[in-house]
Amino acid sequence: MTRTIEEINAKIKAGKVVVATAEEVVGLVREKGVKAATEAVDVVTTGTFGPMCSSGVYFNIRQSTPKIKCGGGKVSINGVPAYAGWAAADLLLGCTAVSDEDPRNAVYPGLFSYGGAHVIQDLVQGKVVKIVASTYGTDCYPRKEYTVELGLQDFASAVMFNPRNCYQLYNVAVNLAKRTIYTYMGVLKPGLGNANFATAGELSPLLKDPTLRTIGIGTRIFIGGTEGYVIWPGTQHVAEPQRFDNGLPQSPSATLAVIGDLKRMNPQYLRAASIVGYGASLAIGIGIPIPVLDEQVMAHAAIPDAEITFPIVDYGEAYPLGRPGGLGRVSMAELLSGHIEVDGKRVSTGCLTSRAKAREVAAELKSRIQTGSFTLSRPVAPLPGAELAQGC
Amino acid sequence: MAIKKVVLNFPPRLIQEPVTYHLVRDYDLQVNIMRALVRPREKGRMVLELTGSQANMDKAFEYLDQAGVQVDALVQELRYNPELCVHCTACTAFCPTGALSVDAETRKIVFDASQCILCESCIPACAYQAIECQF
């Protein structure tokens with residue numbers, strides 16, 4: 001059987017849509033098969049929640065009197081430098097930015113207790129931030145210095161714009177070196193002391209539509225508690241990865257550039273992270289609805305943790321030096337068990353992505369679709385390397 | 001047999017005193033030192049697991065009290081704040097005793113203070129400052 005997005009939206013409006021989370025369809029397909037599950041379910045909701053460093057917010061501040069041109073000058077928000085190389089009142093704050101006074105890794109490993117991510121978190125939690133601008137004067141913008149305290153709703157706009165989120169498949173990080181290392185994959189103890197992974201597994205958005213048949217440019221998503229959109233392939237998007245028979249890529253591949261209104265976000269789905277020895281980052285809850293347009297969509301959405309495998313990579317040497325150094329593959333189910341085996345050694349696993357929060361995201365998106373407050377959008381164009389399903 | 005995990009706080013004047021020796025010798029306790037911090041002229045702190053008969057344990061605590069050693073329960077030392085925790089589970093791979101573990105059903109962190117030995121390995125692993133150590 002097949003469906004179209006229009007048909008699903010009509011069912012949402014009529015209050016008759018059937019929605020299941022990606023975890024729920026794993027069980028449903030195991031029990032009743034792909035055909036019956038396709039007939040029964042209209043939309044599958046996915047979710048993830050983990051640090052995504054390539055995230056940030058652009059702001060527009062209301063003009064001061066007399067007017068100031070921030071563009072070409074210097075601006076900080078709560079001491080964290082923002083990019084001001086745009087027009088008079090547009091600013092960009094990346095989540096990994098830190099204040100010039102931060103010791104960074106000069107005191108190793110650095111704590112990175114306050115960065116761009118923390119400014120964004122403060123705003124979403126309702127706190128006021130201090131903006132300090134200094135620039136040169138012009139005839140139309142004479143003011144050179146401006147300090148103002150603003151809450152999130154005081155900005156003319158505050159838009160989360162993330163050039164790369166939702167990595168499809170990520171490495172499992174281990175450390176073969178002789179000292180503890182501090183990475184974006186967390187703290188890695190020497191000599192295979194632990195293994196860290198970063199994925200929501202069978203809930204992860206891009207793992208449940210591995211060939212991107214329903215997710216494209218223009219797909220409406222859940223981001224940070226509100227609606228947002230996929231606006232472009234993310235940076236470093238790999239269009240044609242090597243794949244397994246089930247459609248999953250063999251190495252990190254697809255990524256998404258996404259956007260959403262920060263003013264409408266909820267602190268429950270947005271958390272600043274201080275990754276020791278590495279930097280600040282922002283953990284974001286993102287959920288993507290997958291319209292069940294045909295049986296192939298359902299078969300992909302129902303791939304279980306046991307069939308999703310990740311490459312194990314040495315971050316002690318192979319990764320920083322750009323050397324190939326695959327240590328085999330391991331499945332999500334094994335990672336979740338708390339231990340994996342690498343080189344004959346039993347290694348404890350820890351995750352950076354919260355499966356519990358990913359579940360909250362998928363459940364919240366499910367509920368919004370069921371109650372009609374979230375409808376599906378048709379992608380306007382496929383992502384590079386993808387072909388959209390009929391019905392999109 | 002009673003087993004008890006405690007934190008002993010020594011005022012500066014007691015740092016030279018062989019307190020653990022007395023616990024072993026006079027009260028027949030097995031003393032497992034899990035952590036110790038001695039700053040001469042400032043303070044001394046020690047995390048101990050004591051094993052022995054209840055009667056001896058009671059007498060030992062009486063001795064510690066009289067000697068001026070402040071005894072705290074271990075649970076207060078490491079604070080896990082579930083409000084700040086996002087349940088990513090990064091800390092669990094670092095916990096040597098299983099005090100921090102993941103509930104297989106809910107995928108949420110479970111903290112069992114009685115298993116914690118205050119090694120603090122979990123602290124740098126947490127990106128959300130959800131674990132604090134007071135030791």
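Lettering follows sequence order; numbering is per chain, from 1. Everything quoted here is computed from the prediction, not taken from an experiment.
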>> If you count heavy-atom pairs within less than 4.5 Å of chain B, which of G186(A), S348(A), S354(A) leads?
In response: S354(A)

> Which pair of heavy atoms, one from A93(B) and one from G350(A), lies closest together, and at what distance?
Replying inline: CB-N, 3.8 Å

> Which one of V347(A), N194(A), I275(A) has the most heavy-atom pairs closer than 4.5 Å to chain B?
Replying inline: N194(A)

>> Could you measure the distance from the CZ atom of R359(A) to the NE2 atom of H87(B)? Nearest 0.5 Å is fine.
In response: 12.0 Å

> Heavy-atom distance under 4.5 Å to chain B: side chain of A280(A), backbone, both or neither?
Replying inline: neither

> At a heavy-atom separation under 4.5 Å, does S274(A) approach chain B through its side chain, its backbone, both, or neither?
Replying inline: both

> Between A356(A) and K108(B), what is the shortest heavy-atom contact and its length?
Replying inline: CB-CG, 3.8 Å

> Between F49(A) and chain B, which part of the residue has a heavy atom less than 4.5 Å away: side chain, backbone, both or neither?
Replying inline: side chain

>> Testing the basics here: between V187(A) and F94(B), what is the closest heavy-atom pair and its distance to 0.1 Å?
In response: O-CZ, 3.0 Å

> When rounded to the nearest 0.5 angstrom, what distance separates SG in C88(B) from CG in N196(A)?
Replying inline: 8.5 Å

> What part of I109(B) gets closer than 4.5 Å to chain A, counting heavy atoms only: side chain, backbone, both or neither?
Replying inline: neither

>> Apply side-chain contact (heavy atoms from CB on, under 4.5 Å) to residues R107(B) and L336(A) and explain how you reach the verdict.
In response: CA-CA 9 Å; R107(B) 301 304 307 173; L336(A) 289 177; 3.2 Å; yes

> What pair of heavy atoms forms the shortest contact from P51(A) to Y128(B), and how long is it?
Replying inline: CG-OH, 3.8 Å

> Atom CG of L111(A) and atom CD of Q129(B): how far apart are they, to the nearest 0.5 Å?
Replying inline: 8.5 Å

> Taking all non-hydrogen atoms of both residues, which atom of T89(B) and which atom of C351(A) are closest, and how far apart?
Replying inline: OG1-N, 3.1 Å

> Can you say whether C91(B) sits under 4.5 Å from chain A via the side chain, the backbone, both, or neither, judging by heavy atoms?
Replying inline: neither

> Which pair of heavy atoms, one from V86(B) and one from R271(A), lies closest together, and at what distance?
Replying inline: CG1-NH1, 3.6 Å

